[in-house]
Amino acid sequence: MATRKARDESYLERKAGKYRVVVAVPRSLHKALGTKLKRELHTDSLSLANKLKWGVVRDFKQRIEDAKAGKAHDSLTREALSIAALGSIASDP
C-alpha cells in the first residue's frame, strides 16, 4: 500500500492526465496576480510531481510575498530559475 507521503496531492491538480502545481492567491492580490498561480509539471507520475512541486510552491509563495511588499519581479528571470531548479531535482536519483 502506498504511503501517505506518496499519495499527497497538496498543491497539485491533474489536467489532461498530467500534474500541475496550483497555489491560491490572497484576495487582496487578485488584481496583481490573478486568483491562482499555476505551473505545469509535465509528468503523470504522482511521486515525481511530489518531488518537483516544492520548488514551484516556494517560487509562487515568494511571488506572493513580493507582491504584498510591492516589489516588482522579473517574471522571465524567476521562471528561468524555477525551470533550472526543476531540472536539477528531476535529475537527482
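Nothing fancy with the numbering, it's 1 onward along the sequence.
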Taking 4.0 angstrom as the limit, do Asp8 and Lys53 come out as a salt bridge? yes
Nearest heavy-atom neighbours spanning [X] and [Y]:
X     : Y     : result
Ser10 : Trp54 : OG-CH2, 4.4 Å
Leu33 : Ala67 : CD1-CB, 3.8 Å
Pro26 : Ile64 : CD-CG2, 3.9 Å

Any [X] side-chain heavy atom under 4.5 Å of [Y] side chain:
X     : Y     : result
Arg39 : Asp59 : yes
Phe60 : Tyr11 : no
Leu37 : Arg63 : yes

Starting at [atom1] of [X], measure out to [atom2] of [Y] and round the result to the nearest 0.5 Å.
X     : Y     : atom1 : atom2 : result
Arg20 : Lys15 : CZ    : NZ    : 5.0 Å
Thr43 : Leu48 : OG1   : CG    : 4.0 Å
Glu40 : Leu52 : CD    : CG    : 12.5 Å
Lys18 : Leu12 : NZ    : CG    : 14.0 Å

Determine whether Val23 and Lys36 satisfy the following criterion, side-chain contact (heavy atoms from CB on, under 4.5 Å), listing intermediate values before the conclusion. CA-CA 6 Å; Val23 174; Lys36 296 179 183 175; over 6 Å; no
Given Tyr19 and His42, is the side-chain contact (heavy atoms from CB on, under 4.5 Å) satisfied, shown in steps? CA-CA 7 Å; Tyr19 284 98; His42 306 290; over 6 Å; no
Same hydrophobic cluster for Val25 and Val22, using side-chain heavy-atom links shorter than 4.5 Å among ILVMFWY? no
Looking only at atom types and distance, does a side-chain atom of Asn50 sit under 3.5 Å from a main-chain N or O of Leu46, one as donor and one as acceptor? yes
